[in-house]
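Shown next, in structure tokens, is the structure this report addresses.
Residue numbers count from 1 along this sequence.
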Amino acid sequence: PTVMDGTFKVFESYAWMHYHQGKAGRGGANYEWVIPNYYDPGDWPLGDGGGYLAFLGRICVEKGLDVIRAIADYSPLPIVLHGQGDASPWEHPMIRYAGPIVGRERARFLGGARAALMPTQFVEPFGGSGVEALLCGTPLIASDWGAFTETVQPGFNGFRPRTLQGWLDAIDDAAALDRSAIAAAARGRYSLAAAGELYDRAFRDLLDLRRAGWYQLREGGPAEISYERIEVEEGPFAERLAQWIAETINPAAAFDIGCG
């Protein structure tokens with residue numbers, strides 16, 4: 001099993017929660033929560049868009065490279081691939097593979113694209129690079145299943161096509177979408193503050209299990225936690241720590257795996 005039975009669970013999307021409920025042959029549960037991944041909006045500045053289409057992910061059939069190859073036959077823009085894997089089976093004059101990227105390079109790449117493409121063939125639990133694109137104001141064109149049914153609002157921040165013609169139409173239509181509105185909406189859903197409020201609510205539900213559980217009604221208690229304040233107070237320390245690591249240790253690469 002991919003999740004432990006008899007435990008409290010937090011899923012990245014409703015699609016992923018429903019997948020596991022169906023896989024286990026069970027219904028829903030009150031003490032399972034959906035809380036999306038969170039980001040520091042400062043790491044994902046609004047991009048201007050540009051003259052290419054972006055793919056950021058594993059280079060493999062499961063991530064939709066066959067679809068990318070079919071799009072390339074008719075695409076008005078070049079498709080730039082970044083990610084781990086062998087891109088040689090999908091060589092094409094309109095496809096350029098530029099290797100893996102990390103950190104701020106991801107933001108520059110995604111923010112500079114007209115649209116991000118995610119033709120994932122499996123049930124995507126979340127699709128992190130697609131949300132990163134949205135944070136930069138870049139429309140996301142993705143498969144019409146999995147977590148994309150929650151992250152992509154057709155006609156507002158992207159499209160969910162089901163045919164080759166649909167993908168080509170979406171690429172054309174993406175140029176007219178409001179990048180500033182896309183970025184603002186993504187920051188409202190996927191910031192540390194937004195996720196923090198959801199985790200706070202889940203932890204309060206768990207604490208209530210020591211009292212009346214599901215029947216527990218709201219009482220007077222401590223003030224709600226301000227995750228905006230935490231971000232303001234902890235942000236400068238995080239910046240100083242990052243600077244110290246860069247100057248003192250000077251690692252070839254660094255990955256933030258979070259502390260949650």
Side-chain angles (χ1 to χ4, degrees), residues 1-39 56-58 60-67 83-84 116-135 140-154 156-163 166 185-186 188-219 221-222 224-225 227 256-260:
T2 51
V3 295
M4 295 175 62
D5 291 334
T7 60
F8 302 116
K9 304 175 182 67
V10 173
F11 297 92
E12 299 167 282
S13 66
Y14 282 96
W16 197 229
M17 180 176 71
H18 296 157
Y19 168 83
H20 282 288
Q21 290 170 343
K23 183 178 179 182
R26 61 179 179 82
N30 288 317
Y31 292 91
E32 294 182 346
W33 298 268
V34 171
I35 303 178
N37 294 342
Y38 54 86
Y39 301 83
L56 177 55
R58 289 181 289 114
C60 59
V61 171
E62 293 80 4
K63 281 289 188 177
L65 267 295
D66 287 344
V67 176
Q84 296 178 323
L117 306 180
M118 291 194 73
T120 307
Q121 298 301 292
F122 55 89
V123 175
E124 186 73 71
F126 185 69
S129 65
V131 171
E132 292 169 2
L134 296 176
L135 289 164
L140 174 58
I141 307 174
S143 304
D144 193 25
W145 52 78
F148 302 127
T149 61
E150 300 164 49
T151 55
V152 179
Q153 302 171 52
F156 170 66
N157 64 358
F159 301 94
R160 303 199 304 262
R162 300 191 68 88
T163 65
R189 288 188 67 184
Y190 305 111
S191 68
L192 171 61
E197 291 178 3
L198 296 176
Y199 273 109
D200 184 48
R201 192 176 307 161
F203 293 147
R204 289 175 186 273
D205 289 344
L206 289 173
L207 286 173
D208 283 342
L209 290 175
R210 302 183 64 178
R211 300 190 291 173
W214 184 85
Y215 296 93
Q216 181 65 44
L217 302 180
R218 185 179 297 112
E219 301 173 353
E224 295 291 326
I225 297 173
Y227 289 91
D256 181 2
I257 61 174
C259 59

Closest heavy-atom pair and its distance - [X], [Y]:
| X | Y | answer |
| --- | --- | --- |
| Tyr39 | Val131 | CE1-CG1, 3.7 Å |
| Ser143 | Pro119 | OG-C, 3.1 Å |
| Ala147 | Ala15 | N-CB, 3.7 Å |
| Val152 | Pro154 | O-CD, 3.3 Å |
| Ala133 | Ala116 | CB-CB, 3.7 Å |
| Gln153 | Asn157 | N-OD1, 2.6 Å |

[atom1]/[X] to [atom2]/[Y] distance, rounded to the nearest 0.5 angstrom?
| X | Y | atom1 | atom2 | result |
| --- | --- | --- | --- | --- |
| Ile141 | Met118 | CD1 | CE | 12.5 Å |
| Asn30 | Trp214 | CG | CH2 | 7.0 Å |
| Trp33 | Tyr14 | CH2 | OH | 12.0 Å |
| Tyr19 | Phe122 | OH | CZ | 10.5 Å |
| Arg160 | Leu140 | CZ | CG | 10.0 Å |
| Tyr190 | Leu134 | OH | CG | 7.0 Å |

message: So for atom OH, which belongs to Tyr31, do other residues, nucleotides or ligands contribute more than 12 heavy atoms lying within a distance under 6.0 Å?
response: yes
field: Arg210 CZ: over 12 foreign heavy atoms closer than 6.0 Å
entry: no
message: side chain to side chain contact (heavy atoms under 4.5 Å, CB included), that's the test. Do Val67 and Gln121 meet it? Break it down for me.
response: CA-CA 9 Å; Val67 176; Gln121 298 301 292; 3.8 Å; yes
- request: Return the orientation label for the His20 and Trp16 ring planes: parallel under 30°, perpendicular over 60°, tilted otherwise.
  value: perpendicular
Pair Arg189 + Glu150, salt bridge at N-O below 4.0 Å: no
query: Is it true that Asp205 and Arg201 have a side-chain N and a carboxylate O under 4.0 angstrom from each other?
result: no
[X] side chain near [Y] side chain, heavy-atom distance below 4.5 Å:
| X | Y | answer |
| --- | --- | --- |
| Tyr199 | Val10 | yes |
| Ser13 | Thr151 | no |
| Leu56 | Glu132 | yes |

task: Show your working on side chain to side chain contact (heavy atoms under 4.5 Å, CB included) between Leu198 and Tyr38 and close with a plain yes or no.
output: CA-CA 11 Å; Leu198 296 176; Tyr38 54 86; over 6 Å; no
